[in-house]
Amino acid sequence: MKAMLLAAGRGERMRPLTDSTPKPLLKVRGRPLIVWHILNLVKAGITDIVINHAYLGQQIEDALGDGSQFGASITYSREAEALETAGGIATALPLLGDEPFVVVSADIYIPHFDFRECLNTLEDEDPWGNPLPEEERDLAWLYMVKNPDFHPQGDFALSLMGLSNEGEPRYTFANIGVYRPEMFRQIPAGSYAKLGPLLRELIDQGRIGGELYRGDWHNVGTPEQLAQLNQPFRPAV
């Protein structure tokens with residue numbers, strides 16, 4: 001399995017820190033946000049990584065290089081302007097191949113996520129070993145988290161049957177997902193396209209599954225949130 005790290009965003013809410021540094025290179029606990037993901041991917045045996053970038057992208061390439069310092073092989077999908085998530089993935093498809101791949105937003109902090117969980121989420125066979133028709137296979141598998149304070153309404157409902165756009169309980173998309181490449185092939189390379197509308201359309205078709213992740217997860221959106229994560233650890237007395 002290959003992985004894609006989304007690193008093309010401008011990080012407007014993180015200004016002034018992102019005026020001179022791309023958001024994925026901001027540090028938590030002494031390590032850039034994007035490096036936390038790279039190390040955890042490598043730990044899971046996922047070493048072939050694609051990173052898209054736009055704003056201050058050369059800094060990302062200079063910092064990470066070809067990935068050999070982490071035991072990975074990194075290639076870059078360069079965007080003149082950020083193409084949003086679906087557009088960025090569609091543009092990077094030639095680098096991602098024909099098999100399912102995992103996609104992670106480079107600016108979330110999820111230090112204990114085990115990417116081995118992603119390796120067998122999209123099944124090609126039913127429980128009895130019979131091949132599933134292509135039109136019945138899940139096109140994506142999304143990881144959800146409990147709704148944070150800044151997003152109390154959540155994104156999607158989650159049940160044993162998968163994700164739905166309506167209903168309860170609702171959870172927030174963790175910005176970690178496994179996708180089949182065919183999900184993005186109708187999007188022209190180099191075009192601007194958001195992921196949300198595509199997800200909602202396919203959820204209505206019953207083509208997307210998911211599960212709840214209960215570990216530490218932080219969407220690092222503001223300098224204050226970053227500072228809070230970097231506060232010295234104080235053990236309970």
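All heavy atoms count here, side chains included; hydrogens, waters and symmetry mates do not.
Judged by distance alone, with hydrogens and angles left aside, the side-chain atoms of Lys23 form no donor-acceptor pair with the main-chain N or O of Leu33 at under 3.5 Å. When atom types are taken as modelled, the side chain of Thr47 and the backbone of Ser73 share no donor-acceptor pair closer than 3.5 angstrom. With Ser164 contributing its side chain and Glu166 its backbone, the two residues share a donor-acceptor pair below 3.5 Å. Judged by distance alone, the side chain of Asn40 and the main-chain N or O of Pro111 form a donor-acceptor pair under 3.5 Å. In terms of modelled atom types and a separation under 3.5 Å, the side chain of Arg170 and the main chain of Pro152 share no donor-acceptor contact. Side-chain atoms of Arg180 do not come within 3.5 Å of backbone N or O of Ala140 as any donor-acceptor pair. Checked by atom type and distance alone, the side chain of Trp217 pairs as donor or acceptor with a backbone atom of Ala174 at under 3.5 Å. Side-chain atoms of Lys27 do not come within 3.5 Å of backbone N or O of Asn230 as any donor-acceptor pair. Between the side chain of Asn52 and the main chain of Ala7, a donor-acceptor pair closer than 3.5 Å is present. Checking side-chain atoms of Glu81 against main-chain N and O of Ala54 turns up no donor-acceptor pair under 3.5 Å.
Tracing side-chain contacts under 4.5 Å through hydrophobic residues (I, L, V, M, F, W, Y), one reaches Leu6 starting from Leu93; they form part of the same cluster. When hydrophobic clusters are built by joining Ile, Leu, Val, Met, Phe, Trp and Tyr residues whose side-chain heavy atoms come closer than 4.5 Å, directly or via intermediates, Leu195 is not grouped with Val145. Linking ILVMFWY residues whenever their side-chain heavy atoms come closer than 4.5 Å, directly or via other members, places Ile108 and Trp141 in the same cluster. Residue Ile38 is grouped with residue Ile60 when hydrophobic side chains (ILVMFWY) are merged at heavy-atom distances under 4.5 angstrom, including chains of intermediate members. With hydrophobic clusters built from ILVMFWY side chains whose heavy atoms lie under 4.5 angstrom apart, Leu139 shares a cluster with Leu142.
Minimum interatomic distance between Leu25 and Gln59 (heavy atoms only, all atoms of both residues): CD1-O, 3.7 Å. Nearest heavy-atom pair, Gly88 versus Glu79, reported as atom, atom and distance to 0.1 Å: CA-OE2, 3.3 Å. Scanning all heavy atoms of the two residues, the minimum distance from Asn147 to Gly154 falls at OD1-CA, 3.2 Å. When all heavy atoms of Ile46 and Ala3 are compared, the pair lying nearest together is CG2-CB, 3.9 Å. Smallest separation of non-hydrogen atoms from Asp138 and Gly206: OD1-O, 4.0 Å. Considering all non-hydrogen atoms of both residues, Ser77 and Thr91 come closest at OG-CG2, 4.2 Å.
For the atom pair CD of Glu182 and CG of Asp98, the computed distance is 9.0 Å after rounding to the nearest 0.5 Å. In this structure, CZ on Phe156 lies 4.0 Å from CD1 on Ile203, to the nearest 0.5 angstrom. Rounding to the nearest 0.5 angstrom, the gap separating the CG atom in Leu5 from the CD1 atom in Ile49 is 5.5 Å. Here the CG-CG distance, from Asp62 to Leu56, works out to 11.0 Å after rounding to the nearest 0.5 Å. In this structure, Met144 CE and Leu158 CG are separated by 6.5 Å, a value rounded to the nearest 0.5 Å. With rounding to the nearest 0.5 Å, the separation of CD1 in Ile34 from OH in Tyr109 is 15.5 Å.
Remark: Arg116 CZ is loosely packed, at most 12 non-hydrogen atoms of other residues, nucleotides or ligands lying under 6.0 Å away. In the displayed structure, Glu99 atom CD is contacted under 6.0 Å by at most 12 heavy atoms of other residues, nucleotides or ligands. Other residues, nucleotides and ligands contribute at most 12 non-hydrogen atoms within 6.0 Å of the CD atom of Gln228.
When side chains are defined from C-beta on, Asp107 does not count as touching Leu26, because their heavy atoms never get closer than 4.5 Å. Side-chain atoms of Phe70 and Leu41, non-hydrogen and from C-beta on, never get closer than 4.5 Å to each other. Here the side chains of Val178 and Leu119 are not in contact, with every heavy-atom distance at 4.5 Å or above. Considering only heavy atoms from C-beta on, Leu122 stays 4.5 Å or farther from Arg137 through its side chain. A 4.5 Å side-chain heavy-atom check between Asn219 and Pro148 finds every atom pair outside the cut-off. Taking the side chain as every heavy atom from C-beta outward, Glu211 and Glu117 approach each other to under 4.5 Å. Contact annotation: the side chain of Pro181 never approaches that of Leu96 to less than 4.5 Å [non-hydrogen atoms, C-beta and beyond]. Val50 has its side chain out of reach of Phe101: every pair of non-hydrogen atoms, C-beta onward, lies at least 4.5 Å apart.
Note on ring orientation: taking the six-membered ring where Trp is involved, the planes of Phe115 and His37 are perpendicular (angle over 60°, cut-offs 30° and 60°).
Between Arg200 and Asp155 there is no salt bridge, since no side-chain N of the basic residue sits under 4.0 Å from a carboxylate O of the acidic one.
Tyr213 pairs in a ring pair (Phe, Tyr, Trp, His ring centres under 6.0 Å) with only one of the listed residues (Phe173, Phe113, Tyr143, Tyr171), which is Phe113.
Side-chain atoms of His53 and Glu61 include a donor-acceptor pair closer than 3.5 Å.
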